[in-house]
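Along the sequence shown, the residues carry numbers beginning at 1.
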Amino acid sequence: MAPTKSTVFSGIQPTGELHLGNYIGAIRQWVASQDDCFNILCVVDLHAITIHQDPAQLRDACRKTLGLLLASGLDAGKCLLYIQSHVTAHSELAWILNCVTPVGWLTRMTQFKDKSQTQESVSTGLLDYPVLQAADILLFDTDLVPVGEDQRAHIELTRDIAGRFNQLYGETFRLPKPVIPTVGARIMGLDDPTNKMSKSILKDTPHHGIGLLDAPEKIIKTCKRAVTDSGSEIIFSDAPEKAGVRNLLSIYQALTAKTEEEVLADFASARGYGDLKVGVGEAIVDHLRPLQERYREIAADTGYLDSVLHRSAEKARALCETRLAAVKEAMGFLAERS
Ligand code: TYM
């Protein structure tokens, strides 16, 4: 009998431009696993609204995000690709999990502390964000959650919530494992290598990062402006002052799938950081060119996007139903028909 495929679940927020960090840290892992695993990938609009979103922009961003996932090489015939709010079981399970999650587990999450500092008024949803994320993952028999380094704490919390539920109501949830890439798990901002590349900073500071749809000239220009240090040594080093160079080398390594030695050999004859920056910029342009071409074709075919969304959401709803019924049964909810 053929071994059953592992189930992979991951999500991405439709909040602004997808960038190279999203691609290297998460999306390319999803593409790589789609032949061997059953991939369920969700555009998490319910997470996006934990911070105010303009309605028209949210709608556009959902379509654009889905289009970019397909253009990155995800095959809708192999994976489920849907919008979170199309499957109401996410919200339903989140409520149930809220009732087994101590509030102290949420107030100590660093992402909550960071994000709430930048908000004038903090929504209850922002505090509850990781519980909804746990619900996303636990609605399916998820084995693996491929994410960037910044999501590690959320996956650990998911395991804690699942463990607590299982302890209170009996074995119901499988405990998922995070999968964090060895190269490119935290791509840093090109304007500030002490800060991770993020969609929210990119919105207001275009030279902070590389958007997946950036024109080649813009990519090269942003790389040329990348912050490095006052030295000239092109090395992989953990020294704080080499963070900018290390970030550029990691981007290059992730996109070319080379070893550290091969990467350094490519830049052995570079005359200073100028050549490094242009070399990295060109590698990004080469890598993104086919993705951008596919995106233009996909975006023009709205019927195709709609049919992917509809088919995937239907399948996801059917899969979640069984899990949700088991959760309710375990908790003692009276069934409508017994
Ligand atoms: P989001 O939308 O912030 O990011 C999507 C994915 O991209 C990764 N990522 C990065 N990786 C490397 N370097 C960076 N600079 C970088 N920036 C982002 C993230 O780690 C993530 O994997 N909470 C999640 C969305 C989510 C989710 C889930 C993820 C909701 N439910 C269930 C996994 C499972 C988020 O905000 O991702």
H47 versus Q84, side-chain donor and acceptor atoms under 3.5 Å: yes
Presence of salt bridge, R186 and D150, under 4.0 angstrom: no
Hey, does V131 have a side-chain heavy atom less than 4.5 Å from the side chain of W95? no
Verify, without hydrogens or angle tests, whether N166 (side chain) and T172 (backbone) share a donor-acceptor contact under 3.5 angstrom. yes
Taking the inter-plane angle between the rings of F140 and F9 on a 0 to 90° scale, is it parallel (under 30°), tilted (30 to 60°) or perpendicular (over 60°)? parallel
Establish whether I220 and Y252 are linked, either directly or via other cluster members, by ILVMFWY side-chain heavy-atom contacts under 4.5 Å. yes
Donor-acceptor pair, K258 side chain versus D266 backbone, under 3.5 Å? no
Nearest-0.5 Å distance that lies between atom CG in L264 and atom CD1 in I235: 9.0 Å
Side chains of H310 and Y82: donor-acceptor distance under 3.5 Å anywhere? no
Using only atom types and a distance under 3.5 Å, with no angle test, would you say the side chain of K203 pairs donor to acceptor with the backbone of G16? no
Please check if the side chain of T222 supplies one atom and the backbone of H207 the other of a donor-acceptor pair under 3.5 Å. no
Let me see the working for H154 and M109 under side-chain contact (heavy atoms from CB on, under 4.5 Å), right down to the final yes or no. CA-CA 8 Å; H154 286 164; M109 298 300 288; 3.3 Å; yes
Shortest non-hydrogen contact from I284 toward C223: CD1-SG, 3.8 Å
V122 and I51: same hydrophobic cluster, using ILVMFWY side-chain contacts below 4.5 Å? yes
Does some side-chain heavy atom of L58 sit less than 4.5 Å from a side-chain heavy atom of H52? no
With the 4.5 Å side-chain cut-off for hydrophobic clustering, are F333 and L97 part of the same group? yes
Is the shortest side-chain heavy-atom distance between C37 and T7 below 4.5 Å? no
For residues D35 and K5, report the shortest heavy-atom separation together with the two atoms involved. O-NZ, 3.3 Å
Please name the pair of heavy atoms, one in I234 and one in A270, separated by the smallest distance, quoted to 0.1 Å. CD1-CB, 3.8 Å
Name of the residue among L291, I12, L20, L41 meeting side chain to side chain contact (heavy atoms under 4.5 Å, CB included) with I27: I12
Quick one, D306 with R63, criterion side-chain contact (heavy atoms from CB on, under 4.5 Å). Give me CA distance, side-chain angles, the key distance, then yes/no. CA-CA 9 Å; D306 286 343; R63 283 193 161 278; 2.6 Å; yes
With side chains defined as the heavy atoms from C-beta onward, is the minimum distance between E233 and K242 less than 4.5 Å? yes
For R317 and H86, indicate whether the former's side chain and the latter's backbone hold a donor-acceptor pair under 3.5 Å. yes
Compare every heavy atom of A316 with every heavy atom of V87, then report the nearest pair and how far apart it is. CG2-CB, 4.0 Å
Please check if F267 and L190 belong to a single hydrophobic cluster, counting links between Ile, Leu, Val, Met, Phe, Trp and Tyr side chain heavy atoms closer than 4.5 Å. yes
Between D214 and I219, is there a donor-acceptor pair closer than 3.5 Å when you use the side chain of the first and the backbone of the second? no
Rounding to 0.5 Å, atoms CG (L249) and OG (S237) come to a distance of 10.5 Å
Tell me if the CD atom of Q119 is crowded by more than 12 foreign heavy atoms within 6.0 Å. yes
Would the number of heavy atoms belonging to other residues, nucleotides or ligands and lying under 6.0 Å from CH2 of W105 be above 12? yes
In terms of heavy-atom contacts, does NZ of K224 have more than 12 from other residues, nucleotides or ligands at under 6.0 Å? no
Which atom of D143 lies closest to which atom of S6, heavy atoms considered: OD2-CA, 3.3 Å
Q34 side chain to G73 main-chain N or O, any donor-acceptor pair under 3.5 Å? yes
Locate the shortest heavy-atom distance separating A48 from T15; write the atom from each residue and the value. CB-CG2, 3.6 Å
Gap separating the CZ atom of R311 from the CG atom of L81, nearest 0.5 angstrom: 10.0 Å
Salt bridge (charged side-chain N to carboxylate O under 4.0 Å, His left out) for R159 and E156? Distances and angles first, verdict last. CA-CA 5 Å; R159 291 171 61 89; E156 273 160 16; over 6 Å; no
Side chain to side chain, K199 and Q13, heavy atoms closer than 4.5 Å: yes
Using the side-chain hydrogen bond (donor to acceptor under 3.5 Å, both in side chains) criterion, which residues pair with K315? Sequence neighbours excluded. none
Under a 3.5 Å threshold, yes or no: a donor from one side chain and an acceptor from the other, between D45 and S85? yes
I'd like to check I40 versus C79 (side-chain heavy atoms, cut-off strictly below 4.5 Å). Are they in contact? no
State, yes or no, whether a side-chain contact exists between L106 and P130 at a heavy-atom distance under 4.5 Å. yes
Side chain T228, main chain G244, donor-acceptor under 3.5 Å: no
With no hydrogens and no angle check, do the side chains of S33 and N39 hold a donor and an acceptor under 3.5 Å apart? yes
Can E241 and R246 be counted as an ion pair, charged N to O under 4.0 angstrom? no
Could you tell me whether the side chain of Q151 and the main chain of V145 form a donor-acceptor pair under 3.5 Å? no
Give the cluster check for L138 versus V147: same hydrophobic cluster or not, with ILVMFWY residues linked at side-chain heavy-atom distances below 4.5 Å. yes
Would you say the side chains of E262 and Q253 form a donor-acceptor pair under 3.5 Å? no
For the backbone of L212 and the side chain of Q292, can you confirm whether one donor and one acceptor N or O come within less than 3.5 Å of each other? yes
Salt-bridge present (D60, K64; N to O < 4.0 Å): no
Does the side chain of D136 come under 3.5 Å of the side chain of H90 through a donor N or O and an acceptor N or O? yes
Quick check: do R225 and K277 have side-chain heavy atoms less than 4.5 Å from each other? no
Less than 4.0 angstrom from a charged side-chain N to a carboxylate O is my criterion; do D36 and K78 meet it? no
Does the cation-pi check pass for K115 over Y129, that is, NZ or CZ under 6.0 Å from the six-membered ring centre and within 45° of its axis? yes
